[in-house]
Amino acid sequence: ENDLSIQKEINASAEDLASTLGNIGSVLSVQGRHEEALVKHKECLEKKREHSGQYAKTVDIAISLNNIGREYRLLKNYPEAGKWLREALAMEKIVSPGNHLETAGTLYSLGLNYRDQGDLNKAKDFFQQAYDMIMACEGHDNVKAEIKENLDEIEKMRI
């Protein structure tokens, strides 16, 4: 927060402000302060769009969309979470075609969002897509294991 105040005083670039806002949002989220985190992530997105253009499609903007979706899911606002996560996914497919960790993460988040709503079929579909994509990526063994665990759990719940 102090860094943000200083950056505002010295008229730091929108890009620098976005980075600081995103970091603050992430810290607030880890602290369980999801409403505050959501505000910071939205401010971050605004600054990224100010820097890159209102209609720009970038990896950084997709990450912000994902962060906003995650906060809405943690606040149990599943329809809003789904909206932001689907927008992030659409952008990721444009800016990062193929198999990417970020895209797999968004697919996984969509699966979690559907699971939390009780839609196990859609949850399984997104978990499977996330798992298939992450398996095509090098490393990330902990992420692979987490997605596989949720995929197996959903399969048991559906039986």
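What you see is a predicted model; the values in this text were computed from it and never measured.
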If you look at every heavy atom in [X] and [Y], which pair is closest and at what distance?
X      : Y      : answer
Leu107 : Ala130 : CB-CB, 3.8 Å
Ala18  : Lys48  : CB-CG, 3.6 Å
Gly105 : Asn66  : C-ND2, 4.4 Å
Met133 : Ala104 : SD-N, 3.5 Å
Lys57  : Val95  : O-CG1, 3.2 Å
Tyr78  : Arg73  : CE2-O, 3.7 Å

Is it true that, when you exclude Gln54 itself, more than 12 heavy atoms of the residues, nucleotides or ligands shown sit nearer than 6.0 Å to its CD?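 Atom CD in Gln54 is crowded, with more than 12 foreign heavy atoms closer than 6.0 Å.
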Examine [X] and [Y] and state if one hydrophobic cluster contains both, with Ile, Leu, Val, Met, Phe, Trp and Tyr joined whenever side-chain heavy atoms are less than 4.5 Å apart.
X      : Y      : answer
Val59  : Leu45  : yes
Leu85  : Leu75  : no
Leu65  : Ile24  : no
Ile94  : Met91  : yes
Tyr131 : Leu112 : yes

Any heavy-atom pair between the side chains of [Y] and [X] that's under 4.5 Å?
X      : Y      : value
Arg70  : Ser29  : yes
His34  : Leu38  : no
Ser26  : His41  : yes
Ser19  : Asn23  : yes
Asn67  : Glu71  : no
His140 : Leu101 : yes
Lys42  : Ile68  : yes

With side chain to side chain contact (heavy atoms under 4.5 Å, CB included) as the test, would you mind laying out the steps for Tyr108 and Asn150 before giving the verdict? CA-CA 9 Å; Tyr108 180 60; Asn150 274 287; 2.6 Å; yes
Only one of Glu149, Lys148, Glu155 passes side chain to side chain contact (heavy atoms under 4.5 Å, CB included) with Asp152; say which it is.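 Result for side chain to side chain contact (heavy atoms under 4.5 Å, CB included) with Asp152: Lys148.
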Could you work out the complete set of other residues in the hydrophobic cluster of Leu74, with links drawn between I, L, V, M, F, W and Y side chains under 4.5 Å apart?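 Via sub-4.5 Å side-chain contacts, Leu74 links to none.
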Rounded to the nearest 0.5 Å, what separates atom [atom1] in [X] from atom [atom2] in [Y]?
X      : Y      : atom1 : atom2 : value
Ile147 : Asn142 : CD1   : CG    : 9.5 Å
Cys137 : Glu102 : SG    : CD    : 10.5 Å
Lys47  : Thr20  : NZ    : OG1   : 11.5 Å

Salt bridge or not between Lys156 and Glu153? Use side-chain N to carboxylate O under 4.0 Å.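 A salt bridge is absent here (no side-chain N lies under 4.0 Å from a carboxylate O).
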Extract all donor-acceptor atom pairs below 3.5 Å that involve side chains of residues 119-129 and protein atoms in other chains or at least two apart in sequence.
from: Asp119; atom 1: OD1; to: Lys122; atom 2: N; distance (Å): 3.2
from: Asn121; atom 1: OD1; to: Arg158; atom 2: NE; distance (Å): 2.9
from: Asn121; atom 1: OD1; to: Arg158; atom 2: NH2; distance (Å): 3.1
from: Asp125; atom 1: OD2; to: Gln129; atom 2: NE2; distance (Å): 3.0
from: Gln128; atom 1: NE2; to: Asp132; atom 2: OD1; distance (Å): 2.9

Once salt bridge (charged side-chain N to carboxylate O under 4.0 Å, His left out) is applied, what residue pairs with a partner in residues 83-93 remain, sequence neighbours excluded?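 Salt bridge (charged side-chain N to carboxylate O under 4.0 Å, His left out) check on residues 83-93 returns Arg49-Glu87, Glu80-Lys83.
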